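Before any comments, here is the structure.
Computed from a prediction, not measured in an experiment: that's the story for all the values here. Note on naming: letters A, B, ... go to the chains in the order of the sequence lines (proteins, then strands), and numbering restarts at 1 for each one.
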Amino acid sequence: MKFRRVKGTRDVLPREAAARRELEEKVFELLAPAGFHPVLTPTFEHYELYKRSTGESSDIVIKEMYRFQDMGGRDLALRPEGTPSVMRAVLENSIKLPARLWYVMPMFRQDKPQKGRYREHTQIGAEIIGEGDPQIDAELVKIGFDLFTSIGIHEMFIELNSIGCRECRPGYIKKLKDFLVQHADELCDDCRLRAERNPLRVFDCKQKSCQRILSDAPLQTDYLCPGCADHFSQVKAGLDIFQIPYEENPRLVRGLDYYSRTVVEFKSRELGAQDTVCGGGRYDYLMQEMGGPATPAIGFAFGVERALLASRGEDVFSSVQPGIPLLLLPLGDKAKPYCLDLLFKLREKGIGVQAEFRSGGLSRQLKRADSRNAEKVLIVGDKEIESGSFIVRDMGTGEQEELTFDELISGLVNT
RNA sequence: GUGGGUGUAGCUCAAUUGGCAGAGCACUUGACUGUGGCUCAAGAUGUUGGGGGUUCAAGUCCCCUCACCCACCCCA
């Protein structure tokens, strides 16, 4: 085998492709009534867009982007996540706000592939732009919850936190940094680095020793300004209206720079290490940072591959040849052009039909029909062409009936 | 970028202390030239992931390399 797929990419075979379409339908059915409209953006953008929005301290920008130059010397990158592109599109096309947009688009990140994580993957995302009330946060979380429930993801739980705003976050980060410096000699090497660059990330550390120390660390929720504290408690009050299982996780931090206030993760215990199905949060400053007017916004996104893993298990990914409703079996060379003609006369009637043009006797043709998973076959030999009466055989039951050409054309429409 | 595991026929996997590379499924052909699935018979399939080394002899031992899987970092 000479050519292989590029590391971290995958082939989506018919069975999984069908499952994806189903999933997309379900998402559409849930989002459309809530006012979401579909949107598509280019697969690549100016590198600068992601650098400025996703953030220079995010791992995506630091080491995971497919960055390249085109022949005009433009500095470009394959889209690593959807939000910056969607916001750019809103701004560039002067879309009327508030707006609700959703998308299903491929994303590209050059990190090490493992279960449920690929270098090219498909994300479905939903964004509410121009609405900042806490009820919106609760609405979006509820929509997400319903969505994952409807696609059959079990053992799901929601983690929720508020990471504050411009007013209160800097003060908290300073407090946290002071704490980390104090305990620097007890932390792992990674965490000492994090303490300098991006202190919030220490909460992601899996080291038990670090976790023990961090259990005494100051928490953002204790240092929220009155505005953020009120917002957060109203989000929770909103969620309490629904019977949604969520837990506050004061150590939940997200990897992108643009988040503020509400952050949320949807997790499933059925996924192993990659247990986050969906992440999201509020990003009230992003539009302004991109040069637009101050505009509150919130959104979530999830990976289709991971969602399918969590909802259907492995069987989704096996390859299965789909069956054929009706297969024409020509016998002899004269019957072949006749079948070719018949093929399209039947398709015009909306019948799913194919023909077996490889030569062979009836026995052979039936064997082929069997291995191709045909539900019914139509036997077309010289005898049939002459008499205008054809045998339709049900490959499941073995029952046969004889139909004239006209009966065939009209009668099969109902089968 | 770091660690662990696995690479043998299209697929799932065998192969004893180093000793003729095999089975099941799938495939092709025939028994059966106008009635499939079952059965029976025959057949085809490999640079044992790649390269190098040790040896009379390597799927097996050693070194290098690549790919995939799992995990870490991080994330969807």
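A distance of about 15 Å separates the C1' atoms of B/rG7 and B/rU47, rounded to the whole Å. Rounded to a whole angstrom, the distance from the C1' atom of B/rG22 to that of B/rU8 is 10 Å. Look at the P atom in both B/rA26 and B/rU33: the space between them is 23 Å, to the nearest Å. Remark: the separation of the C1' atoms in B/rG19 and B/rC40 is 36 Å, to the nearest Å. Spacing between B/rG59 and B/rA41 at atom C1', rounded to whole Å, works out to 32 Å. Between B/rA71 and B/rC56, the distance separating the two P atoms is 46 Å to the nearest Å. With both ends at atom C1', the span from B/rG10 to B/rC27 equals 8 Å, rounded to whole Å. Between B/rU2 and B/rC73, the distance separating the two P atoms is 16 Å to the nearest Å.
Distance, A/E265 CD to B/rC74 P: 12 Å, rounded to whole Å. Distance CZ (A/F300) to C1' (B/rA76): 13 Å, rounded to an integer number of Å. Across the protein-nucleic acid pair, A/F203 atom CZ and B/rC73 atom P stand 16 Å apart, rounded to whole Å. What separates CZ of A/R119 from C1' of B/rA76 is a distance of 16 Å, to the nearest Å. We find that CZ of A/R10 is positioned 13 Å from C1' of B/rA76, with the value rounded to whole Å. Regarding A/Y66, its OH atom lies at a distance of 18 Å from the P atom of B/rC75, rounded to whole Å. Rounded to whole Å, the distance from CD1 on A/I153 to P on B/rA76 is 15 Å. Following rounding to the nearest Å, A/E305 (CD) and B/rC75 (P) show an atom-to-atom distance of 19 Å.
Across all strands shown, the partner of B/rA71 is B/rU2, judged by Watson-Crick or G-U wobble contacts whose two distances both fall under 3.5 Å. In this structure, B/rU45 makes no Watson-Crick or G-U wobble pair, since no nucleotide meets both defining distances under 3.5 angstrom. Across every strand in view, B/rG19 sits in a pair with B/rC56 that passes the Watson-Crick or G-U test at under 3.5 angstrom. In this entry B/rG36 has no Watson-Crick or G-U wobble partner, no candidate having both defining distances under 3.5 Å. Across all strands shown, B/rG24 is found opposite B/rC11 as a Watson-Crick or G-U wobble partner, with both distances under 3.5 Å.
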Residues 239-247 of chain A side chain polar contacts: donor-acceptor under 3.5 Å, at least two apart:
{"residue": "A/D240", "atom": "OD1", "partner": "A/Y246", "partner atom": "OH", "Å": "3.0"}
{"residue": "A/Y246", "atom": "OH", "partner": "A/K236", "partner atom": "O", "Å": "3.4"}

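Between the base of B/rC74 and the side chain of A/R117 there is a donor-acceptor pair shorter than 3.5 Å. Between the base of B/rC75 and the side chain of A/R306 there is a donor-acceptor pair shorter than 3.5 Å.
In the model, A/Q400 has a side-chain atom that pairs as donor or acceptor with a side-chain atom of A/R393 under 3.5 Å.
Every residue meeting the salt bridge (charged side-chain N to carboxylate O under 4.0 Å, His left out) condition with A/K174, not counting sequence neighbours, appears here in chain and number order: A/D178. Contacts of A/E356 classified as salt bridge (charged side-chain N to carboxylate O under 4.0 Å, His left out), with partners at least two apart in sequence or in another chain: A/R358, A/R372.
For the side-chain hydrogen bond (donor to acceptor under 3.5 Å, both in side chains) condition, the pairs that include at least one residue of residues 32-49 of chain A, sequence neighbours left out, are A/T41-A/R79, A/E45-A/S85, A/E45-A/R88.
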(request) Sugar-phosphate atoms are those with a prime plus P, OP1 and OP2; base atoms are the rest. Using that split, label each nucleotide of nucleotides 30-42 of chain B B, S or - for protein heavy atoms under 4.0 Å, 5' to 3'. (result) S-B-BBBB-----
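For the side-chain hydrogen bond (donor to acceptor under 3.5 Å, both in side chains) criterion with A/E305, the lone passing option out of A/R20, A/K115, A/R117 is A/R20. Considering A/L224, A/V235, A/T262 in turn, A/L224 is the only one that fulfils the side-chain contact (heavy atoms from CB on, under 4.5 Å) rule with A/S162.
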Quick one: which protein N/O atoms are closer than 3.5 Å to N/O atoms of nucleotides 68-70 of chain B? Pair and distance per line, please.
{"residue": "B/rC68", "atom": "OP2", "partner": "A/K7", "partner atom": "NZ", "Å": "2.9"}
{"residue": "B/rC70", "atom": "OP2", "partner": "A/K115", "partner atom": "N", "Å": "2.7"}

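Heavy atoms from other residues, nucleotides or ligands lying under 6.0 Å from CZ of A/R368 number more than 12.
Backbone-only engagement by A/V277 is indicated by non-hydrogen atom pairs under 4.0 Å involving sugar-phosphate atoms exclusively.
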(message) Could you walk me through whether A/H183 and A/D216 satisfy the side-chain hydrogen bond (donor to acceptor under 3.5 Å, both in side chains) test, starting with their C-alpha distance in whole Å, then the side-chain angles of each, then the deciding distance to 0.1 Å, before giving a yes or no?
(response) CA-CA 11 Å; A/H183 296 80; A/D216 295 326; over 6 Å; no
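Stacking of A/R347 on the aromatic ring of A/F344 is recorded, both the 6.0 Å distance cut-off and the 45° axial limit being met.
Side-chain atoms of A/T54 do not come within 3.5 Å of backbone N or O of A/K51 as any donor-acceptor pair.
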